[in-house]
Amino acid sequence: MTEEGQNEALRCIGCGSIIQTDDPQGLGYTPNSALEKGKETGELYCQRCFRLRHYNEIAPVSLTDDDFLRLLNQIRDAKALIVYVVDIFDFNGSLIPGLHRFVGDNPILLVGNKEDLLPRSLRRPKLQDWIRQQANLAGLRPIDTVLVSAKKNHEIDQLLDVIEKYRQDRDVYVVGVTNVGKSTLINQIIKQKTGVQELITTSRFPGTTLDKIEIPLDDGHVLVDTPGIIHQEQMAHVLSPTELKIVAPQKEIKPKTYQLNAEQTLFLGGVARFDYLRGERKGMVAYFDNNLPIHRTKLANADRFYQKHLGTLLTPPVMDERENFPELERYEFHLEKKSDVVFEGLGWITVPADTAVAAWVPKGVGALVRRAMI
Ligand SMILES: Nc1nc2c(ncn2[C@@H]2O[C@H](COP(=O)(O)OP(=O)(O)OP(=O)(O)O)[C@@H](O)[C@H]2O)c(=O)[nH]1
Ligand SMILES: [Mg+2]
């Protein structure tokens, strides 16, 4: 367990936090009755995990930066294989600045998760190449790249083989930005090895896992789940849990093609906006959650349209949250090649060459262009 004399401390098996019975607002709070019962059954969950698991309710506790830094330093000093999980639907939002700094000399295995969200028609080897290329652009030199779906149990066997190949007498640390599916992946591994289902708490909210969770491997080493790194540009941080439910895709994305003329606008719910500024009439392909309402207007009317319909026709945000929703900021791009215009955490629009467009996203969320994935 941890080095700081916490060997005896009881931990929640759902989120890793140290169990305490005094402070109902604090991390790891567990009522005495639940503590006794948990000790008996050997399945001890804190109150926050209990609520998440049974009612899908999130309690807003979070790690302090100090706790988090301590954990990162442990990873740097460990002799470990780093399994770095990214959400391939939100690749840019999954990048951890300075990853190399805190993993030290440990090798990195890159895992592209949520493969099930991308269209079946996209050939997987091509997708794998794309991920490798994007990783290199971000300065990453992974020893290998594997595409999986933790949720659908796609290619988990293959991943386990690859982990065994590179692990060589080491612990395995699963790291990544919050919400990319680290705990879901580990649950899938536990299920395969022991048959136990859903051991670790997972949720669609960021910040689910709160401390490291160690799962013993056959040879005395451990597989470690870690809390996600908060990437402030993630869309998840400007949306409420209800709104997040509307924009976070759960199923295979069905791309939608729009034939656009210059000076037309697409609203992506009320959370983002795409203006086609200059270029010929062309097809643009939108990759967003199938339930996100998309509306087309004339560019000239777009501002008025937004004011009038935000929270009603254009949701999320929902009407109640409309007042608190950050303003949209505009980024202009001139594209010489076919590219993806990315609205971080929401999706992207594939735009043909020789066009000028603007992407609008809530203040604080990233918008960027990248080589087209598809
Ligand atoms: N479609 C899809 N969703 C997934 C997959 N893996 C995880 N998810 C979903 O992603 C959300 C986050 O999953 P978690 O496993 O809690 O993510 P995490 O990385 O452990 O998050 P933190 O503990 O906050 O760092 C949940 O809603 C999962 O159901 C996947 O392969 N495909
Ligand atoms: Mg987790």
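Quick note: residue numbers are just sequence positions, from 1. Counting starts at 1 for both ligands and their atoms, in listed order.
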Among all protein non-hydrogen atoms, which one is nearest to atom 6 (N) of ligand 1, and what is the separation to 0.1 Å?
-> N113 ND2, 3.2 Å
Polar proximity ligand 1 side, P249 side, N/O cut 3.5 Å exclusive = no
Going only through I, L, V, M, F, W and Y residues with side-chain contacts under 4.5 Å, is there a path from V222 to I213?
-> yes
Would you please classify the geometry between the Y331 ring and the F333 ring as parallel, tilted or perpendicular, with 30° and 60° separating the classes?
-> parallel
Ligand 1 and P227, any nitrogen or oxygen pair closer than 3.5 angstrom?
-> no
Any N or O on N179 sitting closer than 3.5 Å to an N or O of ligand 1?
-> yes
Do the ring planes of W348 and Y287 sit parallel (below 30°), tilted (30 to 60°) or perpendicular (above 60°)?
-> parallel
Ligand 1 atoms in contact with T184 (distance to a heavy atom under 4.0 Å) | 6 (N), 7 (C), 13 (O), 14 (P), 15 (O), 28 (C)
Give the residue, atom name and distance (to 0.1 Å) of the protein heavy atom nearest atom 29 (O) of ligand 1.
-> K151 CD, 4.0 Å
If only protein N, O or S atoms under 2.8 Å count, total around the Mg ion (ligand 2) | 2
Identified side-chain hydrogen bond (donor to acceptor under 3.5 Å, both in side chains) partner of H154 from the options E115, Q188, R124 | E115
Ranked by distance from atom 17 (O) of ligand 1, the top protein heavy atom is G181 N, 3.2 Å
re atom 8 (N) of ligand 1, the protein heavy-atom contact at minimum distance is K114 CE, 3.7 Å
Using a strict 4.0 Å cut-off to heavy atoms of V180, name the atoms of ligand 1 that fall inside it.
-> 19 (O)
What protein heavy atom sits nearest atom 1 (N) of ligand 1, and how far off is it?
-> D116 OD2, 2.9 Å
Going by the order shown, which atoms of ligand 1 are within less than 4.0 Å of some heavy atom of T178?
-> 22 (P), 24 (O), 25 (O)
Ligand-residue contact atoms, ligand 1 with G228, heavy atoms, under 4.0 Å = 25 (O)
When only distance counts, is E115 in polar contact with ligand 1, meaning an N/O pair under 3.5 Å?
-> no
Measure up the Y306 and F267 rings against each other and bin them: parallel (under 30°), tilted (30 to 60°), perpendicular (over 60°).
-> parallel
Answer yes or no: does an N/O atom from S203 fall short of 3.5 Å to an N/O atom of ligand 1?
-> yes
Answer with yes or no whether the side chains of N153 and Q192 bring together a donor and an acceptor at under 3.5 Å.
-> yes
Which bit of L117 gets closer than 4.0 Å to ligand 1, counting heavy atoms only: side chain, backbone, both or neither?
-> side chain
Restricting to heavy atoms, the pick from K182, E252, K251, R204 nearest atom 19 (O) of ligand 1 would be K182
Hey, is V148 touching ligand 1 through its side chain, its backbone, both or neither, going by heavy atoms under 4.0 Å?
-> neither
Using a strict cut-off of 4.0 Å, indicate which atoms of ligand 1 neighbour a heavy atom of G207.
-> 24 (O)
With respect to atom 23 (O) of ligand 1, which of N153, I213, T209, I200 exhibits the smallest heavy-atom separation?
-> T209
Ligand 1 to T208, heavy atom cutoff 4.0 Å, flagged ligand atoms 22 (P), 23 (O), 24 (O)
